[in-house]
Amino acid sequence: IQGSVANLMAWCLIEILVKTWPDKASLILNAHDGATLAFSNWLSRDTVEPKVRAIVEQEWEIGQGVTMRFPADWRVRTA
């Protein structure tokens with residue numbers, strides 16, 4: 001299970017940091033099942049939060065046709 005959690009985290013981080021906002025987002029801290037990210041002040045919370053939630057809480061295939069959603073806990077800090 002730990003490997004699966006790490007894979008899900010990696011896929012989410014790649015989608016957010018590399019594909020969606022490559023020059024406007026940074027990884028501050030990566031923990032086992034959580035991450036702290038920073039976003040450019042040029043991006044509004046109304047833009048970032050729903051997109052990040054959609055990426056993280058999407059339905060994932062976890063095995064032979066079995067899909068599952070993993071709800072997340074969120075803490076948002078603004079500067």
Side-chain angles (χ1 to χ4, degrees):
I1 289 180
Q2 286 181 340
S4 297
V5 171
N7 285 341
L8 289 173
M9 174 67 75
W11 293 329
C12 289
L13 292 175
I14 289 167
E15 185 67 31
I16 295 164
L17 300 171
V18 177
K19 296 180 179 179
T20 305
W21 292 294
D23 58 344
K24 293 183 175 74
S26 300
L27 176 64
I28 304 302
L29 175 67
N30 182 19
H32 167 69
D33 60 353
T36 301
L37 304 175
F39 295 90
S40 168
N41 287 334
W42 293 105
L43 295 170
S44 74
R45 180 176 175 180
D46 293 339
T47 299
V48 173
E49 191 172 350
K51 181 68 175 170
V52 171
R53 281 185 186 269
I55 292 168
V56 172
E57 295 182 344
Q58 68 181 295
E59 196 167 76
W60 297 92
E61 184 174 341
I62 59 168
Q64 305 176 346
V66 177
T67 58
M68 191 171 185
R69 289 185 191 275
F70 299 97
D73 292 325
W74 300 91
R75 291 182 191 99
V76 177
R77 295 184 188 130
T78 57

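Values below: every heavy atom of this structure, side chains too, minus hydrogens, waters and symmetry copies.
Annotation: side chain of Phe39 is not in contact with side chain of Ser44 (no heavy-atom distance under 4.5 Å). Looking at heavy atoms from C-beta onward, Ile28 lies out of side-chain contact with Leu37 at the 4.5 angstrom threshold. Two residues are said to be in side-chain contact when any heavy atoms from C-beta on lie closer than 4.5 Å; Ile62 and Phe70 meet this criterion.
Considering all non-hydrogen atoms of both residues, Glu61 and Gly65 come closest at OE2-N, 3.3 Å. Scanning both residues, Val52 and Trp21, for their nearest heavy atoms gives CG2-CZ3, 3.8 Å. Residues Ala31 and Met9 come closest through the heavy atom pair O-CE, 4.0 Å. In terms of heavy-atom proximity, Arg69 sits nearest to Glu59 at NH1-N, 3.5 Å.
More than 12 heavy atoms of other residues, nucleotides or ligands shown are found within 6.0 angstrom of CG on Asp23.
Under a hydrophobic clustering in which Ile, Leu, Val, Met, Phe, Trp and Tyr are joined whenever their side-chain heavy atoms come within less than 4.5 Å, directly or via other members, Trp42 and Val48 fall into different clusters. Hydrophobic clustering, with ILVMFWY side chains joined whenever heavy atoms are under 4.5 angstrom apart, keeps Met68 apart from Val56. Using a 4.5 Å cut-off between side-chain heavy atoms of Ile, Leu, Val, Met, Phe, Trp and Tyr, with links allowed through other members, Leu43 and Ile16 fall into the same hydrophobic cluster.
Gln58 contributes a side-chain N or O that, together with a main-chain N or O of Ile55, makes up a donor-acceptor pair within less than 3.5 Å.
Side-chain N/O atoms of Glu57 and Trp74 include a donor and acceptor closer than 3.5 Å.
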